[in-house]
Amino acid sequence: QVQLVESGGGLVQAGGSLRLSCAASGRTFSSYRMGWYRQAPGKEREFVAAISWGGGTTQYAVSVKGRFTVSRDNAKNTVYLQMNSLKPEDTAIYYCNAHNPLIPNTNYDYWGQGTQVTVAS
C-alpha cells in the first residue's frame, strides 16, 4: 500500500517557477515508477513526467520538456517536479502517481489527492 500527498502548488505569474513535492508512505516506494499527471478544467487527465525507480530514466510530455524536471529522493520517499517558465496553459490540478512496473495493469496504481497550480498571464 502506498499513500501519496502532494504539496507545493499555488498561484504564480507566467514565466515563474514552482516546485511540487509528493511524499509517499510505504516501505516499497523505491520500487515504484513515480509520475506526475495533470488535469485542467474540462479536459482529461494527461501525463506530465515520470521517473524510474532508481531515477536513471525520466520521461516528459512534449509540452513540458525543457521546462519541467522530475526527480526523486528515495531516502526521503519523495518525488519532485520542478516547473520553470510556467505558462497559463500549465494551469491544472497536478497529481502524483505511483506505478509498480511488475504490474502492467494501471488500475493498481496509486494516486495523490492533487495540488492546484494556477499560472496567471
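Just so it is clear, the values below take in all heavy atoms, side chains as well, and ignore hydrogens, waters and symmetry mates.
- Counting all heavy atoms, side chain and backbone alike, A98 lies closest to L4 at N-CD1, 3.8 Å.
- Side chain of R72 to backbone of R33: no donor-acceptor contact under 3.5 angstrom is found.
- Taking the salt bridge (charged side-chain N to carboxylate O under 4.0 Å, His left out) definition, one finds that E89 meets it with nothing, sequence neighbours left out.
- N74 places a side-chain N or O within donor-acceptor distance of the main-chain N or O of W53, the cut-off being under 3.5 Å.
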Original post:
Would N100 and Y110 satisfy side chain to side chain contact (heavy atoms under 4.5 Å, CB included), going step by step from the backbone distance to the final call?
Top reply: CA-CA 9 Å; N100 187 335; Y110 296 97; over 6 Å; no
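- In this structure, Q39 CD and I93 CD1 are separated by 7.0 Å, a value rounded to the nearest 0.5 Å.
- Here the shortest heavy-atom pairing between D90 and R67 reads OD2-NH1, 2.8 Å.
- Taken to the nearest 0.5 Å, the CG atom of L18 stands 9.0 Å off from the CG atom of L11.
- Under the 4.5 Å side-chain heavy-atom criterion for ILVMFWY residues, no single connected hydrophobic cluster contains both W111 and V2.
- Counting all heavy atoms, side chain and backbone alike, Y94 lies closest to V48 at CE2-CG2, 4.3 Å.
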Original post:
What do the steps show when you test Q116 against T91 for side chain to side chain contact (heavy atoms under 4.5 Å, CB included), and what is the final call?
Top reply: CA-CA 8 Å; Q116 176 71 48; T91 295; 4.1 Å; yes
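- Once rounded to the nearest 0.5 Å, the distance linking OG of S52 with NE2 of H99 reads 12.0 Å.
- Taking 4.5 Å as the limit, every side-chain heavy atom of R38 sits out of range of all side-chain heavy atoms of V117.
- Here the closest non-hydrogen pair linking S121 and A14 is CA-CB, 4.3 Å.
- Here the OG1 atom belonging to T69 is positioned 11.5 Å from the CZ atom belonging to R19, to the nearest 0.5 angstrom.
- Proximity of a side-chain donor or acceptor of Y95 to a complementary backbone N or O of E6 within less than 3.5 Å is not detected.
- Rounded to the nearest 0.5 angstrom, S17 OG and F68 CZ are separated by 9.5 Å.
- Judged by distance alone, the side chain of S25 and the main-chain N or O of Q3 form a donor-acceptor pair under 3.5 Å.
- Among pairs with a residue in residues 52-121, those fulfilling disulfide (SG to SG under 2.5 Å) read C22-C96, at least two apart in sequence or across chains.
- By the 30° and 60° cut-offs, the orientation of the rings of Y37 relative to F47 is perpendicular.
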Subject >> Steps toward side chain to side chain contact (heavy atoms under 4.5 Å, CB included) verdict (V64, M83) >> reply: CA-CA 8 Å; V64 307; M83 306 185 295; over 6 Å; no
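- Residue V12 is grouped with residue L81 when hydrophobic side chains (ILVMFWY) are merged at heavy-atom distances under 4.5 angstrom, including chains of intermediate members.
- Residues Y80 and D73 come closest through the heavy atom pair CE1-CB, 4.2 Å.
- The two atoms that bring A49 and Y60 nearest to each other are CB-CD2, 3.7 Å, heavy atoms only.
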